[in-house]
Engineer: 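Would you mind keeping the following structure in view while I ask a few things?
As a basis for the values below, the full set of heavy atoms in this structure was taken, side chains included, without hydrogen atoms, waters or symmetry mates. So you know, we letter chains A, B, ... as the sequences are listed, proteins then strands, and number each from 1.
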2 protein chains.
Amino acid sequence: MAAKRSGALGKRSGRRKMASPSAPEQHGEPSLSLERIVATAVDLLDAHGVDGLTMRRLADCLGSGVMSLYWHVDNKEEVFDLALDSALEYRGPPRTAETPDWRPEVALMLEDWRAGMLRHPWSAALLSSRALGPNILGRLELLGATLSRAGVADADLNVAIWSLWNYVMGATITRTSFDVAGNDRSATRQRPAHPGGAYPTIQRSRLLLDDDWIGTFRKGLDLLLAGIAPRS
Amino acid sequence: MAAKRSGALGKRSGRRKMASPSAPEQHGEPSLSLERIVATAVDLLDAHGVDGLTMRRLADCLGSGVMSLYWHVDNKEEVFDLALDSALEYRGPPRTAETPDWRPEVALMLEDWRAGMLRHPWSAALLSSRALGPNILGRLELLGATLSRAGVADADLNVAIWSLWNYVMGATITRTSFDVAGNDRSATRQRPAHPGGAYPTIQRSRLLLDDDWIGTFRKGLDLLLAGIAPRS
DNA sequence: CGATTGACTCGTACATTGTACCATGAGAGT
DNA sequence: ACTCTCATGGTACAATGTACGAGTCAATCG
């Protein structure tokens, strides 16, 4: 109850400088702003991963003092939330005609979502442990609407949406995590460490060596989509 | 390249005390051991979540000095790896007769896996960003073997395994994350925060309010399993 | 005009973390 | 008695998130 505005009020509501007339900035450091902070955070995350983002580093990149950030942002958590939502920005459907064929449409949609997350490899893991921002909700909404328009019964809608969500999330998280770990850590365990042949099936199918992520993703997705029945 | 044994050699190979004859311990603090460390770490994780596990706290719970841990363990990361693998310990299949019906068998298997992760809510998120330990590999192996025995063609095996893995991981991570966040953070965003009705489909289907996790999980899983065809 | 206010910046300071380094002790083998 | 290895743990340090409060500057009000 004590301090500040703690929550939804005040502070970063009014922009800054309120669009100052001519040009007191626009060259070196255009002062601070939520947008700039978030954009820089995304860059840092892309470049150095989740652990690479520290408030100090962020401030350095912005050419400001560390504590200045805290005027625009409550805490580091919020930086994560905002960066996440910004990275997964959702540009509406290409151009939805009238659903000529819904399955490829949904597949395309989910592939785009997945591609977006892969472009920012930190995002998938973060998304799973964080509140859903407006952009992700937008994607969910579009997915639901498309399925519904395709004729999926309301009773089956949630199952369909969640199944797809789960699948995409799982696939993307696994993928990014393998990528990151593949270089050092997991290499020790996955790649060579099957001396006695304790895992014959895995070894035979070369499960952990399979590099065709896109293909596997697509096929599994088709499997799921095939199970989703329009009408009933 | 400098220090210690850096990697796979020495140190915690020989147990400890080499099974000392009578009883210099077994009451207050039975000295340290990898097993005790890992077990306590799991308890701490269960009780306080990922952030609640600190080396100091772990040492306190064990009644030892902080640095003593580092004789048994390289670093905190390794504690996580070990705790994870220990939490997901895999007790073989109940009793595999001869595959009377493979689909329920696989479903049971995956539900058990999921239940195991839900019993340790920190494990799902951790598993996704970490190398696979022997216990998880064991589960994967059993899954693959079962599918293979059920007649899934080798060419389709990887897709089937990964699809199921992805689905289970996504579902479980989402579930635990919603649980954790549901109390405070996400409540602000998910539950009431749809004033203008920006997400009509989501709202109508009550997607984010649906609490029937088990049912949804099961149905989605059935969807997937139905798509996996034995033989071809 | 000067005083006040409020938006915004940032240096200092602190608590908390992982862990490097080093000193210590216990038991076994010589 | 000595030394060697196993094992413990205290001290110390660097990195982090962030509370606190002092500073700046422009707009507003008297």
Engineer: State which of D/dT11, D/dA19, D/dA12 makes the closest approach to the side chain of A/Met67.
Structural biologist: D/dA19
Engineer: In whole angstroms, how far is the P atom of D/dC20 from the CG atom of A/Leu69?
Structural biologist: 18 Å
Engineer: How many whole angstroms separate atom CZ of B/Arg36 from atom C1' of D/dA7?
Structural biologist: 14 Å
Engineer: Which of the following nucleotides, D/dT16, C/dC10, C/dT19, is nearest to the side chain of B/Asn75?
Structural biologist: C/dT19
Engineer: Which of parallel (below 30°), tilted (30 to 60°) and perpendicular (above 60°) describes A/Trp162 and B/Phe178?
Structural biologist: perpendicular
Engineer: Taking the minimum atom-to-atom distance to the side chain of A/Trp71, which one of D/dG9, C/dC8, C/dT12 wins?
Structural biologist: C/dC8
Engineer: Within this structure, what is the CG-to-C1' distance between B/Asp74 and C/dA20, rounded to whole angstrom?
Structural biologist: 13 Å
Engineer: Does NZ or CZ of B/Arg175 lie under 6.0 Å from the centre of the six-membered ring of B/Phe217, at an angle within 45° of the ring axis?
Structural biologist: no
Engineer: Tell me whether the side-chain N/O atoms of B/His72 come closer than 4.0 Å to OP1 or OP2 in D/dC6.
Structural biologist: no
Engineer: Could you state the atom-to-atom distance from CD of B/Glu77 to P of C/dT17 in whole Å?
Structural biologist: 17 Å
Engineer: For the side chain of A/Met55, starting at C-beta, report the closest nucleotide among C/dG11, D/dT18, C/dC21.
Structural biologist: D/dT18
Engineer: Please report, rounded to the nearest Å, how far the P atom of C/dA15 is from the CG atom of B/Asp51.
Structural biologist: 21 Å
Engineer: Would you please confirm or rule out a distance under 4.0 Å between OP1 or OP2 of C/dC10 and any side-chain N or O of A/Ser68?
Structural biologist: yes
Engineer: Looking at A/Met117, is its backbone amide N or carbonyl O close enough to the side chain of A/Ser123 to form a donor-acceptor pair, meaning the two atoms are under 3.5 Å apart?
Structural biologist: yes
Engineer: Have a look at B/Leu53 and say if it touches a base, only the backbone sugar-phosphate, or nothing, with a 4.0 Å heavy-atom cut-off.
Structural biologist: sugar-phosphate
Engineer: With the side chain of B/Val66 defined as its heavy atoms from C-beta on, choose the nearest nucleotide among D/dG17, C/dT19, C/dT9.
Structural biologist: C/dT19
Engineer: Where do A/Ser163 and A/Leu224 come nearest, in terms of heavy atoms and distance?
Structural biologist: O-CD1, 3.7 Å
Engineer: Mark yes or no for whether A/Arg139, through its side chain, and A/Glu89, through its backbone, hold a donor-acceptor pair below 3.5 Å.
Structural biologist: yes
Engineer: Nearest whole Å is fine: how far is C/dT19 P from B/Arg57 CZ?
Structural biologist: 17 Å
Engineer: Rounded off to whole Å, could you give me the CG-to-C1' distance for the A/Leu62 and C/dT9 pair?
Structural biologist: 13 Å
Engineer: Over how many whole Å does the gap from A/Phe80 atom CZ to D/dT16 atom C1' extend?
Structural biologist: 12 Å
